[in-house]
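Read the structure below first, then the notes.
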Amino acid sequence: MQSDQNASAQAWDGWSEQLERIGREYQAVLQDLMARAAPSEAAKQVQEDMRETFRAGLEALMRDPQALYGAQWQLMQDQWQLWQHNLRLLAGEEVEPLVAPAKHDRRFKDEAWHQEPFYRALMEQYLLFSRQVEQLVQGLDGLPPQQQRNLEFYARQYVSAVAPSNFVTTNPEVMRLTLETQGENLVEGLARLREDLANSAEGINVAMTDRDAFRIGENVAVTPGAVIYENELIQLIQYTPTTETVFKTPLLVVPPWINKYYILDLREDNSLVKWLVDQGHTVFLISWRNPGPAQRDLTWADYMQLGPIASMEAIESACGEKSVNLLSYCVGGTLTASTVAYLTSTRRGRKVKSVTYMATLQDFSDPGEIGVFLNDTVLSGIERQLAADGYLDGRVMAFSFNLLRENDLFWSFYVSNYLKGEQPAAFDLLYWNTDGTNLPAATHGWYLRHMYRENRLIEPGGIELDGVKIDLRKISTPSYFVSTREDHIAKWQSTYGGTQLPKGPVTFVLGGSGHIAGIVNPPHKNKYGYWTNAELPASPEAWLEDASFNEGSWWPHWQAWMTDNGYVDADKRVPARQPGEGELDILEPAPGRYVRQTIPQVLEEQGGA
């Protein structure tokens, strides 16, 4: 008896010490949060838009008493059924679930959600509530389409946030771990939360991977090459050939600057850059600078002139070729379309033999859920913030993009990092995803206003660059569009709109999976597949209806498009070109300095932290 009492006393002492530690960590987190309490101009406008959207939704519901009555009646029925089910479960009966999570929903994988009556009741209660909110919001009449989209987005964020899996006492995995470790998981989790808050600009940029496991140029961005040109905005990398001969026409890759280029060169077995080199292309790639306040005045035209156009001039010096093939990705593709239109209008269109757009928006009439953050009210707040700071912190952009898939890219890591206290696993893709870049005020504000908000790029003469009005409809350069079916950043139905613009030949291919995995899809993995259709009807749905499905990666299809159409001539290859052999000397080995610049480093150097 005495030994049991001693053991109980020791256990209580242990818990008391842990509770004190948890209390201290919690107070420290509160202090950190208070220091960040004042929202930015952009955040204020998002909050105001959220309030206005919910108010409009409530008014729409009140104008439809039948819908309100139906929702209340359904809620009563659901609660009655759930109560009956729970009574039968407690009596030991086998009862079919009243509602089940979707197959892709990883929040409720633990057996306790399905076997233990308490947790099962919590899960089913939540899923019924979630379904009710979704049906109610989608069934509202009288809201403008954009406000309806915003309401669905904000409602989904709320529903995802209140899931029982996100709380200590209502998550069975967390409760077991807390009891097993006497709360050590919570102590570790609060410490990780403080670390992530310190590395966040607004909101919480949850750590997704073990950042210490990766080194740029050592185990990511490792394809051999050299920087052979640089200016204030870019470094131009020329990659070392792996074939004895190469295609005569070089290939210039224009990646996005919203993230770093090495998503196209993560590791050897999934590197698009390495694969292109192995096919016999002389590959040049733009590595964008990570800008700060000092680059606040850089414009879209500066990105064009200092990016693709300066690179084409450097390539001519490096290997004597006056024309290139362009391969572009995401916003890099939008810039590339602008560039090709500009070259066309200035009678230099022949400098580009072909252009490829990967997951690229040109027609912004339906930007998807990212448009929630770009209505006039929110955009005005962003513009004021840009004017004040001179840049948009890339961590804010990352947080916004993560909310487009909040359960996978935010709440799952929230639970594992902060409630379970786990160290994130080493994953190169997620390392890249958290290695963000800032965006210059002049470029980004103009892009959001002229492209996303006003959709001027598709208008003849709607965009003027360095005094030249451009028109995508005048482009005769052969174009290859590839998009992905599950893309949540650049919806394929929207990217398809770009195929209707050029007057030159156009090919459209639809890959499986999403914005990253569907593009970075090496052939040896034989995953996802892709759809093709030689016809280009006005409707994307009509295109897909008559499209043919193909197994594997779209990469070989693109290579065949290049060779079969003569954009690279397989019969007129030239000796492989080594970096530094032409008129441009090697400045430093790939991947260069620019890609290594982190947001904290840039802001510390330029005084923008």
Side-chain angles (χ1 to χ4, degrees), residues 225-239 249-258 260-261 264 273 281-291 294-357 437-440 442-444 446-447 463-468 470 475 477 577 579-588 590-595 597:
V227 175
I228 51 96
Y229 170 81
E230 72 177 38
N231 58 37
E232 65 178 289
L233 185 58
I234 74 160
Q235 287 191 316
L236 184 66
I237 300 171
Q238 180 180 353
Y239 288 96
T249 304
L251 179 70
L252 172 60
V253 181
V254 186
W257 58 86
I258 289 176
K260 294 183 178 178
Y261 83 80
L264 303 176
V273 169
H281 295 279
T282 303
V283 179
F284 294 83
L285 179 143
I286 293 173
S287 175
W288 301 99
R289 180 178 192 159
N290 199 342
Q295 287 75 44
R296 66 181 301 141
D297 295 325
L298 286 173
T299 65
W300 189 268
D302 291 329
Y303 265 76
M304 176 184 72
Q305 296 287 3
L306 297 172
I309 290 180
S311 296
M312 285 187 268
E313 293 171 355
I315 289 170
E316 184 174 353
S317 298
C319 58
E321 292 298 322
K322 296 182 181 295
S323 62
V324 300
N325 292 299
L326 292 176
L327 177 67
S328 60
Y329 189 14
C330 194
V331 69
T334 309
L335 177 70
T336 297
S338 307
T339 303
V340 176
Y342 174 85
L343 292 173
T344 300
S345 293
T346 55
R347 299 184 179 181
R348 291 178 287 170
R350 291 186 178 180
K351 292 181 70 68
V352 182
K353 278 194 172 182
S354 75
V355 57
T356 298
Y357 303 108
T437 55
N438 296 321
L439 305 167
T443 303
H444 195 59
W446 185 92
Y447 169 57
I463 296 292
E464 183 176 313
L465 300 172
D466 284 346
V468 176
I470 65 172
I475 295 175
T477 305
R577 305 168 175 124
E581 283 185 346
E583 297 178 10
L584 300 180
D585 295 329
I586 292 176
L587 302 181
E588 61 178 312
R593 303 187 319 282
Y594 283 8
V595 74
Q597 296 170 328

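Atom set for the values below is all heavy atoms of this structure, side chains included, hydrogens, waters and symmetry mates excluded.
- Atom CD1 of Ile470 is separated from atom CD of Glu464 by 10.0 Å, given to the nearest 0.5 angstrom.
- With a 4.5 Å cut-off on side-chain heavy atoms, Leu251 and Thr282 do not count as touching.
- Between Leu233 and Asp302, the shortest heavy-atom contact is CD2-O, 4.1 Å.
- The main-chain N or O of Pro250 is never found under 3.5 Å from a side-chain atom of Lys353 such that the two would form a donor-acceptor pair.
- Across all non-hydrogen atoms, the minimal contact from Pro255 to Trp288 is O-NE1, 2.8 Å.
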Margin query: Go through it in stages, so that I can follow the logic: the residues are Asn438 and Asn290, the test is side chain to side chain contact (heavy atoms under 4.5 Å, CB included), and I'd like the CA-CA distance, side-chain angles, deciding distance and then a yes or no.
Written below: CA-CA 6 Å; Asn438 296 321; Asn290 199 342; 3.9 Å; yes
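- Using modelled atom types, one finds no donor on one side chain facing an acceptor on the other under 3.5 Å when comparing Ser323 with Lys351.
- For the residue pair Ile586 and Pro579, the shortest heavy atom distance occurs at CD1-O, 3.6 Å.
- Residues Pro308 and Tyr303 have side chains not in contact (no heavy-atom distance under 4.5 Å, counting atoms from C-beta outward).
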Check: Would Val273 and Tyr239 count as a side chain to side chain contact (heavy atoms under 4.5 Å, CB included) if you check the C-alpha gap in whole Å, the side-chain angles of each, and the deciding distance to 0.1 Å?
Finding: CA-CA 8 Å; Val273 169; Tyr239 288 96; 3.6 Å; yes
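- Thr437 places a side-chain N or O within donor-acceptor distance of the main-chain N or O of Trp257, the cut-off being under 3.5 Å.
- Tyr357 approaches Ala337 most closely through the heavy-atom pair OH-CA, 3.6 Å.
- Under the ring pair (Phe, Tyr, Trp, His ring centres under 6.0 Å) criterion, the residue pairs touching residues 324-351 are Tyr329-His515, with sequence neighbours excluded.
- Summarising the geometry of Arg289 relative to Pro291, their closest heavy-atom pair is O-CD, 3.0 Å, with the distance given to 0.1 Å.
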Next item on the list: Under the side chain to side chain contact (heavy atoms under 4.5 Å, CB included) rule, what do Val227 and Leu236 come out as? Steps first, then yes or no, please.
Entry: CA-CA 6 Å; Val227 175; Leu236 184 66; 5.9 Å; no
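- Leu439 is listed as a side-chain neighbour of Ile258, based on a closest heavy-atom distance under 4.5 Å.
- Between Ser354 and Asn325, the side chains place a donor N or O and an acceptor N or O closer than 3.5 Å (distance only, hydrogens not considered).
- When all heavy atoms of Ala318 and Ile228 are compared, the closest pair comes out as CB-CD1, 4.3 Å.
- When Leu335, Leu252, Val253 are each tested for a side chain to side chain contact (heavy atoms under 4.5 Å, CB included) with Ile286, only one passes: Leu252.
- The structure places OG1 of Thr443 at 8.0 Å from CH2 of Trp300, a figure rounded to the nearest 0.5 Å.
- Side-chain contact between Thr339 and Ile309 is present, with heavy atoms from C-beta onward closer than 4.5 Å.
- For the pair Leu298 and Leu306, the minimum side-chain heavy-atom distance is below 4.5 Å.
- Every pair passing side chain to side chain donor-acceptor pair (under 3.5 Å) that includes a residue from residues 227-236 is listed here, sequence neighbours excluded: Tyr229-Asn231, Glu230-Gln235, Glu230-Arg593, Gln235-Glu588.
- To the nearest 0.5 Å, atoms OG (Ser345) and CG (Asp466) are separated by 12.5 Å.
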Notebook entry, point to check: Please walk me through it: do Thr336 and Val355 pass side chain to side chain contact (heavy atoms under 4.5 Å, CB included)?
Noted result: CA-CA 8 Å; Thr336 297; Val355 57; 3.6 Å; yes
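- Between the CD1 atom in Ile315 and the CZ atom in Arg577 there is a gap of 10.0 Å [rounded to 0.5 Å].
- The OH atom of Tyr447 sits 10.0 Å away from atom OG of Ser338, with the distance rounded to the nearest 0.5 Å.
- With values rounded to the nearest 0.5 angstrom, Leu584 atom CG is found 8.5 Å from Gln238 atom CD.
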